[in-house]
Chemist: 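Structure in structure tokens, see below.
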Amino acid sequence: MSAALVVEDLVAGYEPGLPIVRGASLSVAAGEILAVLGPNGAGKSTLGKAVAGIVPVASGSVRLDGREIAGDPAHRMVRLGLGFVPQTENVFAELSVEDNLDLAAAVVGAPRAQRIAGIFELFPDLARQRRLDAGRLSGGQRQMLAVARALVASPRVLVLDEPSAGLSPKLAQHVFAKLAEIARDGVAIVLVEQNVRAALALAGRAVVLVEGRVRLEGEAAALAIDPRLRDAFLGRGEAA
Amino acid sequence: MLQLLVDGLVVGSTVALGAIGLTLTYSLLRFANFGHGELLTIGAYAALAVVGALAGFAAPPIGPFSFGWPLLAALPVAAAATALVALAVDAALFARLRARGAAIVLIIASFGAALALRNLLLFSFGPLPEYYSREIQIAIALVPRSVLGGMRVTPDQAFVLGLALACMAALHLFLSRTVLGKAMRATAMNPDLARVAGIDTAAVIRATWILGATLASVAGVFAGLTGQVRTTLGFELLLPMFAAAILGGVGSVLGAAIGGLVVGLAESLLTPVLGAEYRAASAFLAIIAILLVRPQGLFGKAAR
């Protein structure tokens, strides 16, 4: 299976000379879900943001379907097929649900009505709330809208920054079920997550980031029972 | 009393158009542009230059108005010229400072840009006030003098009020119905999210300058039409514009529009009570009163 997104030796951070991601590499194929795990401060979110173009990349490579996109403006990445769902403030609160989706479809030149109809089929809850301001949605609905907003641009790769944060376990499970559905449609998903158990249950593969570098990687099922996973989170040892 | 209302609304509509531009650039660029007044002045002088250039054509006043078609033709030219200046100042000054991320530096730079532009206009056009037209207008009595002192309005005042309201309605439709308008609102709400949602925020910022400058140029022409065209025209309206933007709730376009009208009315209605020398101060008294009750402004959101 050829990789949809390949990240190699990525160095990135908010301030020049102060990298948070220090040479991380990963790849994800179409239809695959890759979990990016790691303890607090490991650089997981920064990695996602750097891939999406909103944190400056100092060096390294990000290739989308073979095309180098590291350092490209974020809006161009969206047009090239990379979607990003931030952890918080991930919907335009003062726009209606429909306007959030319509705007995201319009700026990439997508057939708006057709795409929105497809999204509402996937997220019937949102269809019922289409006229409501996004700021008035519940936490779970808001997260769904954030995912839907990214999907309306038909991304080939979708990067999500902790989509289960702040949600009840039941709602998180609902979001994860939708992600599985989206991956089945052929979208490559990079899932940055704190919820290790749930992420490993959903993902096919996972990487564990420690201090901005990939410490562990492998099949999710194998990693779930690997004692080195706990060590990585507890800051013990230097696993291979 | 009724006459003061009309006078206040005419001044207020000019202030409102300026304040809308001010609040638009504030909400997208997160800085108070003290050079916004100069955009009004540039618009007023650009229109004056066009009217002067067309002076050779026989252009009698249109109907009851004091001006002929050259002033109407000058409006889009003035808007384009003002937008070009705004984009040039942004590219040469503000964009570079934005990249370094210090809002206070941007504010001070906008003072500098204002001074430079004002003196450039003074150098180019001289210190003497100018007029678009020296035609005499006859005010139309809308309400007889026996009722609360009566209400009279000149055709030019009616034109200013009508066009200002039309501009505000068009702006409302633009922001609520068009993709670019929604992209502007989205960028103002959350610039990072706008970028990852596929919005070219640099293009949106350019569009905002063009829109703000266009409204400023129209406001500048209004101020020149109902008064004089002079190099301090925009500077004199700067504080009322800020007052209107703050009163309406910074970042709210509807707020800036209503705020502008309130400032105009406050100036007009309080002048007979406090005296003409306190005209500018009277608007601020009204603002203090309103902000004491509603600190976030009329349409602003409360800080959490």
Side-chain angles (χ1 to χ4, degrees), chain A residues 14-16 48-56 72-96 98-110 112 115 133-135 142 145-146 148-155 158-161, chain B residues 23-24 26-28 30 91 95-96 98-102 171-208 248-256 296-304:
Chain A
Y14 295 90
E15 299 288 334
K49 288 176 185 168
V51 168
I54 51 171
V55 166
D72 273 8
H75 72 273
R76 195 171 298 156
M77 293 193 183
V78 177
R79 288 163 208 210
L80 290 173
L82 188 132
F84 178 66
V85 180
Q87 181 185 347
T88 54
E89 296 184 28
N90 49 17
V91 297
F92 297 112
E94 290 161 45
L95 295 184
S96 70
E98 194 162 22
D99 276 349
N100 266 272
L101 299 173
D102 185 55
L103 182 59
V107 293
V108 294
R112 292 147 70 178
R115 290 280 175 84
D133 275 0
R142 204 183 283 208
L145 177 59
R149 197 261 311 139
L151 276 185
V152 87
S154 285
L158 185 59
V159 181
L160 300 108
D161 188 6
Chain B
T23 218
L24 276 175
Y26 178 85
S27 54
L28 266 97
R30 306 284 195 270
R96 291 161 192 242
R98 252 196 326 273
R100 296 180 200 173
L171 180 70
H172 173 72
L173 289 176
F174 169 76
L175 289 173
S176 59
R177 303 280 170 87
T178 67
V179 171
L180 181 57
K182 287 177 196 172
M184 273 184 189
R185 288 164 61 205
T187 306
M189 283 173 222
N190 187 337
D192 274 348
L193 180 60
R195 287 161 61 208
V196 297
I199 296 169
D200 181 352
T201 51
V204 167
I205 286 171
R206 285 194 295 276
T208 305
V250 179
S252 163
V253 170
L254 176 66
Q296 70 270 37
L298 291 173
F299 295 90
K301 283 177 222 65
R304 273 178 285 177

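Chain A is the first sequence line, chain B the second, and so forth, proteins listed ahead of strands; every chain is numbered from 1. Every heavy atom of this structure was used, including side-chain atoms; hydrogens, water molecules and symmetry mates were not.
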Chemist: Show the nearest heavy-atom pair for residues A:G48 and A:V159, with the distance to one decimal.
Modeler: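 Answer, listing the atom of A:G48 first, then A:V159: CA-CG1, 4.0 Å.
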Chemist: Taking side chain as everything from C-beta outward and backbone as N, CA, C, O, which of these in A:N100 sits under 4.5 Å from a heavy atom of chain B? Side chain, backbone, both or neither.
Modeler: neither
Chemist: Tell me, side chain or backbone of A:V91 under 4.5 Å from chain B's heavy atoms, or both, or neither?
Modeler: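 A:V91 touches chain B through backbone heavy atoms alone.
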Chemist: Between A:D133 and A:A93, what is the shortest heavy-atom contact and its length?
Modeler: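 What the structure gives for the nearest pair is CB-O, 3.7 Å.
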Chemist: For A:I54, is it the side chain, the backbone, both or neither that has a heavy atom under 4.5 Å from a heavy atom of chain B?
Modeler: both
Chemist: Does any backbone or side-chain atom of A:P86 lie under 4.5 Å from a heavy atom of chain B? Answer side chain, backbone, both or neither.
Modeler: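 Interface part for A:P86: side chain.
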Chemist: Of all heavy-atom pairs between B:A91 and B:R96, which one has the smallest distance, and what is that distance?
Modeler: O-NE, 3.5 Å
Chemist: Just give me the residue among A:V85, A:V108, A:D102, A:N90 that pairs up with chain B most often, heavy atom to heavy atom, under 4.5 Å.
Modeler: A:N90
Chemist: List the atom pairs, with distances to 0.1 Å, where a side-chain N or O of residues 190-198 of chain B and a protein N or O form a donor-acceptor pair under 3.5 Å, not counting sequence neighbours.
Modeler:
from: B:N190; atom 1: OD1; to: B:D192; atom 2: N; distance (Å): 3.4
from: B:N190; atom 1: OD1; to: B:L193; atom 2: N; distance (Å): 3.1
from: B:N190; atom 1: ND2; to: A:E89; atom 2: O; distance (Å): 3.0
from: B:D192; atom 1: OD1; to: B:R195; atom 2: NH1; distance (Å): 2.9
from: B:R195; atom 1: NH2; to: A:G53; atom 2: O; distance (Å): 3.4

Chemist: Assess whether side-chain contact (heavy atoms from CB on, under 4.5 Å) is satisfied between B:F174 and B:L180, documenting all intermediate values.
Modeler: CA-CA 8 Å; B:F174 169 76; B:L180 181 57; 3.8 Å; yes
Chemist: So what's closer than 4.5 Å to chain B heavy atoms on A:A146: side chain, backbone, both or neither?
Modeler: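 Neither part.
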Chemist: Checking A:R112 against chain B: side chain, backbone, both or neither under 4.5 Å from a heavy atom?
Modeler: side chain
Chemist: Check for a donor-acceptor pair, side chain of B:R185 on one end and backbone N or O of B:L175 on the other, with a separation under 3.5 Å.
Modeler: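 Side chain of B:R185 to backbone of B:L175, a donor-acceptor pair under 3.5 Å: yes, one is there.
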